[in-house]
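Heads up: the structure comes next, in structure tokens.
Only this structure's heavy atoms are used, side chains among them; waters, hydrogens and symmetry mates stay out.
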Number of protein chains: 2
Amino acid sequence: MDLDHLDKQLVTLLQEDCKKTTKQYADSLGLSKTAVYERIRRLERLGVITNYVALVNKEKVKRDFTVLCHIRLAQHIKENVLRFEREILKLEEVSECFHVSGDYDYILKVHVENMTKFREFMVTKLTAISNIGSTQSSFVISEVKSSTAISI
Amino acid sequence: MDLDHLDKQLVTLLQEDCKKTTKQYADSLGLSKTAVYERIRRLERLGVITNYVALVNKEKVKRDFTVLCHIRLAQHIKENVLRFEREILKLEEVSECFHVSGDYDYILKVHVENMTKFREFMVTKLTAISNIGSTQSSFVISEVKSSTAISI
DNA sequence: AATATATTAGAATATAATTCTGTATTAATT
DNA sequence: AATTAATACAGAATTATATTCTAATATATT
């Protein structure tokens, strides 16, 4: 596994837009269609590229209200921690959940329609999970930067 | 703008994998290729789907160390706030930056290779930005859930 | 009910992906 | 250094898919 400069450029392009034609990437890189085609297959085979997805405009699908929820667990007994994580995976409003160091144990990214729906989510879903000690919600006022790309 | 059940199903499928053939989506939805083709074009035209991207495995590109940085500004004068946001946009290590309510003003998602690189980032880039009051770093121990899809 | 509009299916066509062939380049082996 | 093997490449040939076209059907509008 070693990516040369062309591979890195290609990954960068694919992270920006994966729906261009092979010819277009080829022109950007100064390679032939076949060369690019083989490189993409290789990046997929190596697991560098994991999948290709469509991104949606949250406003257009009425999930424009984003909250970063900080959670402290009540106790850190293994079984309870695992149950907590299992429950989180089931919540459709949660797109991301990180186990973190620091003041809190977990940080979640939650997408809902509005404050009313968020309250509903908190009351009926999140705090319904046992073992939650305390939560602190940071409401997203604006997305200064929002990219799925990893700079390489 | 009103998405029917088929549109929502289609958006869900495209958020999971946007590289299937029109025929495959058509079979999943019980529609013809043309019907699906037209619906996808419409979703793009309406701005529901904004773009198509490749996702990469952070481990494979040596950006496996993720940190959520909480930032408090020193002062909230408009010009300084805008300068801060402009500077953040330039930092390649930062994939996301949210202006939030609560204890801190901003929460950043940062991807680097390791702790050494993170320290370097903090010292030479992040805290080099003027107007930063204080920071609190939450190191990601594990990604319990990590999706780019919005549930609709 | 009549008309317009949008959605659909299937066929025809255009475009792009994939495979194939041969060549050049690089790396490995002796 | 010469030889072999492996890899990456370009261009042509083929296959598969996207896109367009046509006509029919459904949905909404008056």
Side-chain angles (χ1 to χ4, degrees), chain A residues 1-64 113 147-152, chain B residues 1-63 147-152:
Chain A
M1 158 88 58
D2 34 279
L3 307 182
D4 65 16
H5 183 62
L6 288 170
D7 286 322
K8 289 179 182 175
Q9 271 191 263
L10 182 52
V11 169
T12 300
L13 292 173
L14 291 168
Q15 285 191 108
E16 287 165 4
D17 180 358
C18 70
K19 277 293 180 88
K20 289 181 173 168
T21 66
T22 310
K23 178 74 167 60
Q24 286 179 293
Y25 300 119
D27 290 345
S28 298
L29 301 179
L31 287 174
S32 71
K33 290 195 308 177
T34 312
V36 168
Y37 179 80
E38 296 291 352
R39 276 172 184 267
I40 292 175
R41 284 300 93 86
R42 178 166 171 274
L43 290 166
E44 291 169 357
R45 182 164 35 79
L46 291 174
V48 173
I49 293 172
T50 58
N51 53 333
Y52 299 95
V53 302
L55 300 181
V56 312
N57 183 333
K58 289 188 283 293
E59 299 177 32
K60 304 279 180 163
V61 295
K62 306 254 185 62
R63 295 293 184 281
D64 196 19
E113 183 173 358
S147 170
T148 55
I150 303 296
S151 183
I152 60 173
Chain B
M1 158 86 60
D2 34 279
L3 307 183
D4 65 15
H5 183 61
L6 289 170
D7 286 321
K8 288 179 182 174
Q9 269 191 265
L10 182 52
V11 170
T12 300
L13 292 173
L14 291 167
Q15 284 190 110
E16 286 166 5
D17 181 358
C18 70
K19 278 292 180 90
K20 288 181 174 169
T21 67
T22 311
K23 178 75 167 59
Q24 287 180 292
Y25 300 118
D27 290 345
S28 299
L29 301 178
L31 287 174
S32 71
K33 289 194 308 174
T34 312
V36 169
Y37 180 80
E38 294 293 350
R39 277 173 182 266
I40 293 176
R41 285 298 93 86
R42 178 168 171 274
L43 290 166
E44 292 170 356
R45 182 164 35 78
L46 291 174
V48 174
I49 294 173
T50 57
N51 53 333
Y52 300 95
V53 303
L55 300 181
V56 312
N57 182 333
K58 288 188 282 294
E59 298 177 33
K60 304 279 180 162
V61 295
K62 306 254 185 61
R63 295 292 184 281
S147 170
T148 55
I150 303 296
S151 183
I152 60 172

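Listed for the B/Lys19 side chain is a donor-acceptor partner under 3.5 Å among the backbone atoms of A/Cys18. Proximity of a side-chain donor or acceptor of B/Gln9 to a complementary backbone N or O of B/Leu29 within less than 3.5 Å is not detected.
In this structure, CZ of A/Arg45 is placed 11 Å from C1' of D/dT7, rounded to the nearest angstrom. Rounded to an integer number of Å, the gap from A/Lys20 NZ to D/dT17 C1' is 21 Å. Following rounding to the nearest Å, B/Arg39 (CZ) and D/dA26 (P) show an atom-to-atom distance of 15 Å. Between B/Leu29 atom CG and C/dT7 atom P the separation is 15 Å, expressed in whole Å. Nucleotide C/dA17 holds its P atom 20 Å from the NZ atom of B/Lys23, rounded to whole Å. Between A/Arg42 atom CZ and D/dC9 atom C1' the separation is 14 Å, expressed in whole Å. One can place CG of A/Asp2 at 12 Å from C1' of D/dT7, the figure rounded to the nearest angstrom. Taking atom NZ of B/Lys19 as the reference point, atom C1' of D/dT17 lies 13 Å away to the nearest angstrom.
Phosphate contact (OP1/OP2 of C/dA17, side-chain N/O of A/Arg41, threshold under 4.0 Å): absent. Contact annotation: A/Thr22 reaches the phosphate of C/dA17 (side-chain N/O to OP1 or OP2, under 4.0 Å). Taking only side-chain nitrogens and oxygens, A/Tyr37 comes nearer than 4.0 Å to OP1 or OP2 of C/dT18.
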> Can you check side-chain contact (heavy atoms from CB on, under 4.5 Å) on A/Leu13 and A/Glu16, steps first, answer last?
Replying inline: CA-CA 5 Å; A/Leu13 292 173; A/Glu16 287 165 4; 4.1 Å; yes
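Salt bridge B/Asp27/B/Lys20: absent, no basic N to carboxylate O contact under 4.0 Å. B/Arg41 and B/Glu44 are joined by a salt bridge, as a carboxylate oxygen and a charged side-chain nitrogen come within less than 4.0 angstrom of each other.
Each of A/Lys33 and B/Ala35 lies near DNA chain C, and the nucleotide nearest B/Ala35 is the one positioned closer to the 5' end.
Using a 4.0 Å heavy-atom distance criterion, A/Thr34 is classed as a base contact.
For A/Thr21, taking side-chain heavy atoms from C-beta onward, the closest of the listed nucleotides C/dT8, C/dA16, D/dA10 is C/dA16.
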